[in-house]
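Okay, so here's the structure we're looking at.
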Amino acid sequence: MTLLGNTTIIVVSWLDPQLHTPMYFFLSNLSFLDLCYTTSVGPQILVNIHSTRKTIPWASCVAQLYISLSLGCTECLLLAVMAYDRYAAVCRPLHYMTIMSRRLCLQMAATAWLCGFGNSLLQTSLTLRLPRCGRNRVDHFICELPALLKLSCVDTSANEVELLASAVIFLAMPLGLILVSYGYIVAAVLRIRSAKGRLKAFNTCASHLAVVSLFYGTAISMYLQPPSSYSQDRGKIISLFYTMVTPMLNPLIYTLRNKDVHGALRKVLGKNPTAQGT
């Protein structure tokens, strides 16, 4: 479902010229990110679920940690960028296309990806430098940062402080920007006189708000706490939710009430039989 839903959004956004807008550009980035997220951890989880000997090579564990952490940080920033896009669309509609120029969209998307992968490189390097003293049992479904810190046999206070600072930068600050953006959006919507206009403005933001709630709610409960107080059982459920469940739900959230995507899907599906017939 994750592969089908996110691939569909990317293909439809690319094929339909009416969806060549900043909103669908960022949505395609989010769908590609979700595809990478699921494929980086999903196969190994499925293998271990059906295996009696649940193992992962150390190199694969490191790669999984780096990639999943990179994508998680990138998604935090990308959701904040999408909130700014919605702010520009609702609060500055006449200047929207000028504000959200193609160059700015590319710059913001590139910045989100580069910052996410750069921060992950730092976090992964600091974690790998910790001695494990023979400990090689990860009490988790995936190789995640809090679970790997538990393997260390030395004091990890410095790593915990650094991880908390990173969580503030990549979780709390983007969430604050999202809340500020939606504060302006709510104020602008309330000034709209017609009920139909208010409903239309709300519908453009409802899907993004749902995705933000799903992702940030689970990620904050996971990373905005000291790893020393990290609960293994709760951490397993939370990490499965934002690595497997959220990427599956995102395409459904964005397409169920989206008339533009529905229309684009009908166009794309309607063209295929004609092409085959000729």
Side-chain angles (χ1 to χ4, degrees), residues 1-39 71 74-75 77-113 178 181-182 185 188-189 192 196-215 245-278:
M1 288 183 65
T2 302
L3 295 175
L4 177 63
N6 286 289
T7 302
T8 299
I9 287 180
I10 294 172
V11 171
V12 168
S13 298
W14 179 60
L15 290 178
D16 192 341
Q18 291 185 352
L19 300 186
H20 293 176
T21 63
M23 174 183 173
Y24 291 100
F25 168 74
F26 293 125
L27 181 55
S28 297
N29 272 264
L30 182 64
S31 294
F32 177 71
L33 187 150
D34 285 339
L35 282 174
C36 296
Y37 221 146
T38 301
T39 52
L71 296 173
T74 302
E75 183 161 357
L77 299 178
L78 193 59
L79 289 174
V81 169
M82 294 173 75
Y84 177 74
D85 172 68
R86 293 299 84 207
Y87 158 79
V90 175
C91 300
R92 306 286 299 278
L94 298 180
H95 304 281
Y96 174 64
M97 294 309 298
T98 303
I99 296 172
M100 300 302 295
S101 64
R102 179 175 177 79
R103 180 179 179 181
L104 180 62
C105 291
L106 290 172
Q107 288 175 341
M108 290 195 294
T111 300
W113 284 94
I178 291 172
S181 297
Y182 275 100
I185 289 172
V189 170
I192 299 176
K196 185 177 180 180
R198 287 195 297 268
L199 181 62
K200 182 179 180 181
F202 174 76
N203 283 338
T204 63
C205 304
S207 299
H208 180 254
L209 271 176
V211 171
V212 167
S213 301
L214 283 172
F215 180 79
V245 178
T246 302
M248 179 185 68
L249 293 178
N250 284 353
L252 297 176
I253 293 172
Y254 273 107
T255 58
L256 283 178
R257 298 178 60 188
N258 193 312
K259 295 180 180 179
D260 292 336
V261 175
H262 292 171
L265 278 172
R266 284 193 293 268
K267 288 180 184 178
V268 172
L269 294 176
K271 286 180 180 178
N272 289 339
T274 303
Q276 292 173 0
T278 58

*Worked verdict on Thr39 versus Leu3 for side-chain contact (heavy atoms from CB on, under 4.5 Å)*: CA-CA 9 Å; Thr39 52; Leu3 295 175; 3.9 Å; yes

Atom [atom1] in [X], atom [atom2] in [Y]: separation rounded to 0.5 Å?
| X | Y | atom1 | atom2 | result |
| --- | --- | --- | --- | --- |
| Leu19 | Thr21 | CG | OG1 | 6.5 Å |
| Met1 | Leu249 | CE | CG | 8.0 Å |
| Leu79 | Asn250 | CG | CG | 8.0 Å |
| Met82 | Ser181 | CE | OG | 12.5 Å |
| Leu35 | Asn6 | CG | CG | 4.5 Å |
| Leu30 | Thr74 | CG | OG1 | 11.0 Å |

*Do the side chains of Leu71 and Trp113 get nearer than 4.5 Å, heavy atoms only?*
yes

*Would you please name every residue forming a side-chain contact (heavy atoms from CB on, under 4.5 Å) with Thr8, sequence neighbours left out?*
Leu4, Val12, Leu265

*List for me each residue that meets side-chain contact (heavy atoms from CB on, under 4.5 Å) alongside Thr38, sequence neighbours excluded, and say none if there are none.*
Thr2, Met244, Pro247

*Please lay out, stage by stage, how Tyr24 and Asn29 fare under the test side-chain contact (heavy atoms from CB on, under 4.5 Å).*
CA-CA 8 Å; Tyr24 291 100; Asn29 272 264; over 6 Å; no

*asked:* Just to verify, what does Tyr182 make a ring-ring contact (aromatic ring centres under 6.0 Å, His included) with, not counting sequence neighbours?
replied: His208

*Specify the closest pair of heavy atoms between Ala80 and Ile178, including all atoms of both residues, with the distance to one decimal.*
CA-CG1, 3.7 Å

Show every donor-acceptor pair shorter than 3.5 Å between a side-chain atom in residues 85-98 and any protein atom, with sequence neighbours excluded, or say none if there are none.
from: Asp85; atom 1: OD1; to: Tyr96; atom 2: OH; distance (Å): 2.5

*Are any side-chain N or O atoms of Ser207 and backbone N or O atoms of Ile253, one a donor and one an acceptor, separated by less than 3.5 Å?*
yes

Per-pair distances, 0.1 Å, donor-acceptor, side chain in residues 99-112, under 3.5 Å, sequence neighbours excluded:
from: Ser101; atom 1: OG; to: Leu104; atom 2: N; distance (Å): 3.3
from: Thr111; atom 1: OG1; to: Gln107; atom 2: O; distance (Å): 2.7

